[in-house]
Amino acid sequence: METQQKKTIFSGIQPSGTLTIGNYIGALRNWKLLEDEYHCIYCVVDEHALTVRQDPAKLRRRCAEVMALFMAVGLSPEKSVLFCQSHVPAHAELSWILNCYTYIGELQRMTQFKDKAAKHENNINAGLLTYPVLMAADILLYQADLVPIGADQKQHLELSRNLAIRFNNLYSDTFVVPDGYFPKVGARVMSLQEPSRKMSKSDPEDTYIAILDEPDVIARKFRRAVTDSEACVRFDPENKPGVSNLMSIYGAMTGETMEQIEAHFAGQGYGAFKSAVADACIAVLEPVQSEHKRLMADKAYLEQVMREGAERAAAIANRTLRKVHKKVGLAPYTL
Ligand code: TRP
């Protein structure tokens with residue numbers, strides 16, 4: 001009974017690269033905070049990853065790796081539904097149906113499509129264009145009320161909302177119209193080399209800290225992070241984007257405010273500051289890494305979690321999909 005009164009949260013993360021501290025601070029850590037108050041469904045969206053060419057063995061390993069990371073950061077497979085998108089065929093099926101209610105113009109206008117098309121000009125496949133429709137299917141299948149996302153996914157969520165409204169208007173109420181959920185805490189983590197860009201797992205190695213990076217790698221990457229010539233730890237994202245980004249990371253890892261950090265490092269050079277940022281990250285990531293290692297060694301348990309998650313997800317998703325089939329007039333089936 002209680003779970004029915006809770007609002008539903010859905011979010012997904014792509015297994016297209018190794019997850020970074022940006023994913024940790026901006027997504028995973030917040031996902032955990034939502035587990036008690038909401039009915040949470042968290043998905044490894046492996047089908048989305050196919051929109052750019054992937055090495056099959058790596059993709060397979062990363063799916064397991066992300067699922068293990070979900071649990072290593074403390075997400076509970078009992079409280080939340082943790083699953084892998086491709087294990088629930090309803091996603092691809094609803095995506096097809098929603099494609100028929102989406103205008104090509106709407107998809108061509110998406111900034112992410114334009115960016116990705118420019119970046120992968122030899123592989124501008126149809127999936128790159130219809131990516132947001134699959135994302136809408138992910139969300140709408142679970143009648144999600146709230147969708148935690150980064151600012152870069154706002155446009156995609158807007159499309160999900162429009163599709164839900166469009167469908168509901170054509171066929172009567174079918175989908176919950178989802179809202180974005182933007183956590184108050186959780187700084188936007190930027191690239192260590194180009195602090196005007198978001199930290200991204202698909203950029204070169206030295207621009208991001210992976211959740212699974214070894215301590216010496218973390219220290220080295222921070223040591224090489226771009227700063228400025230002022231030699232003063234001061235929060236000023238406009239004029240000091242590199243240092244401000246390091247401060248945000250330090251703040252996210254320690255809970256200190258920007259003022260406290262400024263006071264803490266007053267009179268100290270960037271060298272000392274950078275090693276403190278590295279130490280703070282290492283301290284937070286170490287328990288996550290050791291739990292991750294333990295889980296990755298227990299394949300049977302990991303597979304069991306994925307299987308049970310997929311079963312629970314499918315039960316919800318298929319209910320919505322059946323409703324949709326009926327509304328649009330697909331041939332009824334009795335099995
Ligand atoms: N497109 C999202 C991203 O790259 C991932 C995603 C896929 C997602 N389906 C989703 C996020 C559904 C939230 C809800 O970040």
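Just so you know, ligand 1 is whichever comes first in the structure, and atom 1 is the first atom listed for that ligand. Just so we're clear, the structure is a prediction, and the values are computed from it rather than from any experiment. Every heavy atom of this structure was used, including side-chain atoms; hydrogens, water molecules and symmetry mates were not.
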Q: Indicate, with yes or no, if the rings of Phe175 and Phe167 have centres closer together than 6.0 Å.
A: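 Ring-ring flag for Phe175/Phe167: true, centres closer than 6.0 Å.
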Q) Is the distance between the ring centroids of His91 and Tyr142 under 6.0 Å? A)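 Under 6.0 Å, so yes.
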Q) Which other residues belong to the hydrophobic cluster containing Ile165, where Ile, Leu, Val, Met, Phe, Trp and Tyr are joined when side-chain heavy atoms lie under 4.5 Å apart, directly or via other members? A)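 Ile165 shares its hydrophobic cluster with Val177.
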Q: Each residue besides Leu59 in its hydrophobic cluster should be listed here, by chain and number; the cluster joins Ile, Leu, Val, Met, Phe, Trp and Tyr at side-chain heavy-atom distances under 4.5 Å.
A: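 Grouped by the 4.5 Å side-chain rule, Leu50 form the rest of the cluster around Leu59.
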**Q.** Protein residues having a heavy atom less than 4.0 Å from any atom of ligand 1
**A.**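 The answer is Phe10, Ser11, Gly12, Gln14, Val45, His48, Tyr131, Met135, Asp138, Ile139, Val147, Ile149, Gln153, counting any residue whose heavy atom sits under 4.0 Å from ligand 1.
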Q) Excluding sequence neighbours, so at least two apart, what forms salt bridge (charged side-chain N to carboxylate O under 4.0 Å, His left out) with Glu35? A)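 Partners of Glu35 under the salt bridge (charged side-chain N to carboxylate O under 4.0 Å, His left out) test: none.
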Q. Are the charged groups of Asp228 and Lys240 less than 4.0 angstrom apart, N to O?
A.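 Here Asp228 pairs with Lys240 in a salt bridge, since their nearest N and O are under 4.0 Å apart.
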